[in-house]
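Reading through the structure tokens given below for one structure.
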Amino acid sequence: MREKELRRSLAVFPIGTVMKLTDLSARQIRYYEERQLVKPQRTDTNRRMYSLNDVDRLLEIKDYIQEGLSVQAIYNKYHRPKSKSKERQLTDEDVRQILYNEILNQGGFVQPEDFSHNY
DNA sequence: CTTCTAACA
DNA sequence: TGTTAGAA
């Protein structure tokens, strides 16, 4: 299943095709690249070449813009993968603590109330 | 003819 | 964002 991914990443469309596929103007497509929302490849003659993944991302960006998201917000979405917006992310220490308590629990040496406050 | 960069009556 | 000029 790795071959498909490679094909999706192959840069094969010139900007003209991407314009038709995404219904975005060349100006916008180039602007989003400038904002680092997409990273099209370049040919030996400096022409931008987009992959299927790039087109998908552009389509996604188009939706986000319509939904009112700023370019900055979208940038963060792609560069700062934050899992669940509200919940706190578990650190390695948290995982060790939970694992440790779980072992104690299985051993039946402590009651749930004795460690529940640890996480 | 298509795409690129830079600039703005 | 659109548009345009000049180069590639």
Side-chain angles (χ1 to χ4, degrees):
Chain A
M1 202 54 140
R2 184 62 62 183
E3 281 304 304
K4 284 187 177 180
E5 263 307 300
L6 285 175
R7 296 180 198 289
R8 290 172 193 282
S9 296
L10 280 183
V12 293
F13 314 111
I15 199 167
T17 302
V18 178
M19 287 174 69
K20 296 173 182 173
L21 259 32
T22 64
D23 192 45
L24 288 170
S25 67
R27 182 78 165 80
Q28 292 175 301
I29 296 172
R30 298 189 183 113
Y31 177 65
Y32 298 149
E33 175 187 2
E34 185 180 300
R35 305 313 332 222
Q36 298 180 56
L37 265 38
V38 286
K39 39 160 184 49
Q41 230 179 263
R42 290 298 183 113
T43 65
D44 48 351
T45 56
N46 199 43
R47 273 157 154 57
R48 275 171 263 251
M49 292 301 274
Y50 302 79
S51 68
L52 285 171
N53 285 327
D54 290 329
V55 174
D56 280 344
R57 168 160 290 194
L58 252 6
L59 253 15
E60 205 170 273
I61 292 170
K62 186 187 173 189
D63 289 337
Y64 286 145
I65 292 296
Q66 287 183 283
E67 289 173 28
L69 291 186
S70 67
V71 172
Q72 253 291 268
I74 300 173
Y75 174 92
N76 293 331
K77 211 174 258 294
Y78 293 144
H79 295 270
R80 184 193 332 155
K82 50 168 46 180
S83 52
K84 275 52 185 178
S85 55
K86 183 63 184 70
E87 295 177 38
R88 178 169 66 93
Q89 177 183 314
L90 284 82
T91 65
D92 288 346
E93 270 308 313
D94 292 330
V95 175
R96 293 198 192 89
Q97 190 60 243
I98 293 174
L99 236 44
Y100 176 65
N101 290 327
E102 215 158 280
I103 291 173
L104 291 181
N105 185 34
Q106 283 190 200
F109 293 122
V110 298
Q111 296 303 306
E113 303 75 53
D114 297 326
F115 63 82
S116 60
H117 64 282
N118 287 322
Y119 66 108

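Convention: sequence-line order gives letters A, B, ...; per-chain numbering from 1.
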For the side chain of A:Asp54 and the backbone of A:Ser51, is there at least one donor-acceptor N/O pair under 3.5 Å apart? yes
With no angle test and no hydrogens, is the base of B:dT3 tied to the side chain of A:Arg48 by a donor-acceptor pair under 3.5 Å? no
Check A:Glu33 with A:Arg42, please: is the shortest side-chain N to carboxylate O separation under 4.0 Å? yes
Presence of A:Arg47 side-chain N/O under 4.0 Å of B:dT2 phosphate oxygens OP1/OP2: no
Using only side-chain N and O atoms of A:Ser25, determine if any of them is under 4.0 Å from OP1 or OP2 of C:dG2. yes
Could you tell me whether the phosphate oxygens of C:dT1, OP1 or OP2, come under 4.0 Å of any side-chain nitrogen or oxygen in A:Tyr32? yes
Establish whether the base of C:dT3 is bridged to the side chain of A:Arg27 by a donor-acceptor pair shorter than 3.5 Å. yes
In whole angstrom, give the distance that lies between atom CD1 of A:Ile29 and atom P of B:dT2. 15 Å
Can you tell me the pairing partner of B:dA6 across any strand shown, Watson-Crick or G-U wobble, with both distances under 3.5 angstrom? C:dT4
A:Asp44 CG - B:dT3 P separation (whole Å): 15 Å
Using the closest heavy atom to pick a nucleotide of DNA chain C for each, name whichever of A:Tyr31 or A:Thr45 lands nearer the 5' end. A:Tyr31
Expressed in angstrom and rounded to an integer, what is the separation of A:Lys62 atom NZ from C:dT1 atom P? 12 Å
Between the main-chain N or O of A:Leu24 and the side-chain N or O of A:Lys62, is there a donor-acceptor pair closer than 3.5 Å? no
Measuring from the side chain of A:Gln28 (C-beta onward, heavy atoms only), which nucleotide among B:dC4, B:dT2, C:dG2 has the closest atom? C:dG2
Between A:Arg57 and A:Tyr78, is NZ or CZ placed under 6.0 angstrom from the six-membered ring centre and within 45° of the ring axis? yes
